[in-house]
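Convention: sequence-line order gives letters A, B, ...; per-chain numbering from 1. On a predicted model such as this, the values are computed, not experimentally measured, just so you know.
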There are 2 protein chains.
Amino acid sequence: MTEPGLLNEHEARAWYAFVGAAVSLDRRLDQQLKEDSGITHLQYVVLVRLDSAPDREMRMGALAETLHTTKSGLSYQIAQLEKAGLVRRRGCSGDPRAVYAVLTDDGRRMLEQAAPGHIAAVREFFLEAFTPEQLAVLADGLNEVARRARGEAAPSVTR
Amino acid sequence: MTEPGLLNEHEARAWYAFVGAAVSLDRRLDQQLKEDSGITHLQYVVLVRLDSAPDREMRMGALAETLHTTKSGLSYQIAQLEKAGLVRRRGCSGDPRAVYAVLTDDGRRMLEQAAPGHIAAVREFFLEAFTPEQLAVLADGLNEVARRARGEAAPSVTR
DNA sequence: CCCGCGTGATTCAAATTTGAAACAGAGGAC
DNA sequence: GTCCTCTGTTTCAAATTTGAATCACGCGGG
């Protein structure tokens, strides 16, 4: 049944749908955020992540890891956000090598201003295409996909 | 129940899972293809699309559209693929403005060589995280997501 | 004929991303 | 103390992407 070297019709349909949805959605959300708030989706996600962290700050390395981006890419984006006044850097007294990115008050305001439109778009373009039950299945499956793609072992129940 | 300005727990879980899976998967597939075949995922997709087209050729504009990429981005990638000898351009006798990208024999060989590893990776990282029934639901939902993100109307049953 | 317009594609400069190399400080071996 | 090496981050050059501008051509109207 499962040809090893080719995708069958059903597999191809799901796979192409995923890739197409990911690309189109990313473009659309980027466009929406740029038009309405002047920031990119990546920058928005950086702000969100900082906002939800204790004291609204995170170390560069940890932030890069949670965003699944490279350290150098994050350095660049934090520099952009710093220019825009939405984030500032501060060193760490304990470990002089560490650098914290801190969400500024302007950054928090930007988030408050940008969130409603962005979230409405996520609902309109993504969430509403599924039932709540489907979303739950989707979330489980996609978390597993992410784990596998990152080369992590499957989560064990006893862990 | 549905707070207009915020994502609830279930919505957030599904949405973050989707974004995380898309990013991580894209990185991983790019890495796999580069290591094993020396081409990027985008280039692979270009080759696949051409291979499945009549006469293994497509007009630049049509190709860009089916890949959901920009025309200029495609021009660049076709130039790269042309340098590598995997694709060639040819003009169109009927319409001198039109340009066709044509898959070369080397391109076809590249595809044959790269496909097994790539498809195995897609299976391992993506498809196997779902049951066939889940994949069908996923495909329907994600196709709808892509349509919405592209601003197309919902497909009508009578169409 | 000549102009302006529409289409299909490429080119250009600017922004972003990537991966490698550089940097800087801490800690351990000796 | 000096030398390695490790960790956390930034910097750099090269590759890629983006959107705007440009180019080239055919067509219809004046």
Side-chain angles (χ1 to χ4, degrees), chain A residues 19 22-35 38-46 50 57-84 86-102, chain B residues 19 22-35 38-46 50 57-84 86-102:
Chain A
V19 174
V23 171
S24 302
L25 203 42
D26 194 48
R27 278 180 193 284
R28 186 59 175 267
L29 293 179
D30 238 32
Q31 180 196 352
Q32 184 272 320
L33 277 168
K34 270 184 211 156
E35 281 176 5
I39 59 177
T40 66
H41 187 203
L42 175 55
Q43 294 175 333
Y44 178 87
V45 173
V46 169
L50 285 178
E57 64 181 17
M58 283 183 85
R59 291 173 65 144
M60 297 294 290
L63 187 52
E65 192 168 352
T66 71
L67 300 179
H68 315 306
T69 189
T70 61
K71 288 184 172 191
S72 64
L74 180 64
S75 264
Y76 175 80
Q77 284 301 340
I78 291 292
Q80 299 307 107
L81 289 169
E82 208 170 16
K83 275 186 211 163
L86 306 178
V87 161
R88 67 186 171 78
R89 284 172 158 99
R90 78 168 180 81
C92 173
S93 48
D95 183 350
R97 288 168 305 180
V99 173
Y100 282 83
V102 190
Chain B
V19 174
V23 172
S24 302
L25 203 43
D26 194 47
R27 277 181 194 282
R28 185 60 174 268
L29 294 178
D30 238 31
Q31 180 195 353
Q32 185 271 322
L33 277 168
K34 269 185 211 157
E35 282 176 4
I39 59 177
T40 65
H41 187 203
L42 176 55
Q43 293 175 333
Y44 177 87
V45 173
V46 169
L50 285 178
E57 63 180 18
M58 283 183 86
R59 291 174 63 144
M60 298 294 291
L63 187 51
E65 192 167 351
T66 72
L67 300 179
H68 314 306
T69 188
T70 61
K71 287 186 173 192
S72 66
L74 180 64
S75 265
Y76 175 79
Q77 285 302 339
I78 291 291
Q80 300 306 107
L81 289 169
E82 208 170 17
K83 275 186 209 163
L86 306 178
V87 161
R88 69 185 169 78
R89 285 171 158 100
R90 78 167 180 81
C92 173
S93 48
D95 184 349
R97 288 166 305 179
V99 173
Y100 282 82
V102 190

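Of the possible polar contacts, none joining the B:R27 side chain to the B:A22 backbone as a donor-acceptor pair under 3.5 Å is found. B:D30 places no side-chain N or O within donor-acceptor distance of the main-chain N or O of B:T40, the cut-off being under 3.5 Å. Put simply, the side chain of B:E82 gets close to the backbone of B:R89: a donor and an acceptor are under 3.5 Å apart.
In this structure, the CG atom of A:L63 is 15 Å from the C1' atom of D:dT10, given to the nearest Å. Distance A:D26 CG to D:dT17 P: 13 Å, rounded to the nearest Å. In this structure, B:D95 atom CG and D:dC27 atom C1' are separated by 12 Å, rounded to whole Å. The distance between atom CD of B:E65 and atom P of C:dA9, rounded to the nearest whole Å, is 11 Å. In this entry the distance linking NZ of B:K71 with P of D:dA21 reads 17 Å, nearest Å. Computed from coordinates, the B:L81 CG to D:dA15 C1' distance equals 14 Å when rounded to whole Å. At whole-Å resolution of the value, CG in B:D30 and P in C:dG19 are 8 Å apart. In this structure, NZ of B:K34 is placed 14 Å from P of C:dT17, rounded to the nearest angstrom.
Distances from the side chain of B:R27 to the nucleotides C:dT18, C:dT10, D:dT17 place C:dT18 closest. Listed nucleotides C:dA15, C:dT10, D:dG8 differ in distance to B:S75; the shortest reach to its side chain belongs to C:dT10. Taking the side chain of A:R97 as heavy atoms from C-beta on, and the options C:dA24, D:dC25, C:dT10, the nearest nucleotide is C:dA24. Relative to the side chain of A:Y76, the nucleotides D:dA15, C:dT11, C:dT16 differ in distance, and C:dT16 lies closest. Side-chain proximity of A:T70 to the nucleotides C:dG19, D:dT9, D:dT18 is greatest for C:dG19.
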Start with the C-alpha distance between A:Q43 and A:Q77, add both sets of side-chain angles, then the distance that settles side chain to side chain donor-acceptor pair (under 3.5 Å), and finish with yes or no.
CA-CA 7 Å; A:Q43 294 175 333; A:Q77 284 301 340; 2.9 Å; yes
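Note on B:L74: nothing from the nucleic acid sits closer than 4.0 angstrom, heavy atoms only. Using a 4.0 Å heavy-atom cutoff across all strands shown, A:G73 reaches at least one base atom of the nucleic acid.
Once rounded to the nearest 0.5 Å, the distance linking OH of A:Y44 with CD of A:Q32 reads 9.0 Å.
Remark: B:Q80 is in phosphate contact with D:dT16, judged by side-chain N or O atoms under 4.0 Å from OP1 or OP2. An OP1 or OP2 oxygen of C:dT17 is reached within less than 4.0 angstrom by a side-chain nitrogen or oxygen of A:Q77. Close to C:dT10, at under 4.0 Å from its OP1 or OP2, lies a side-chain N or O of B:R89.
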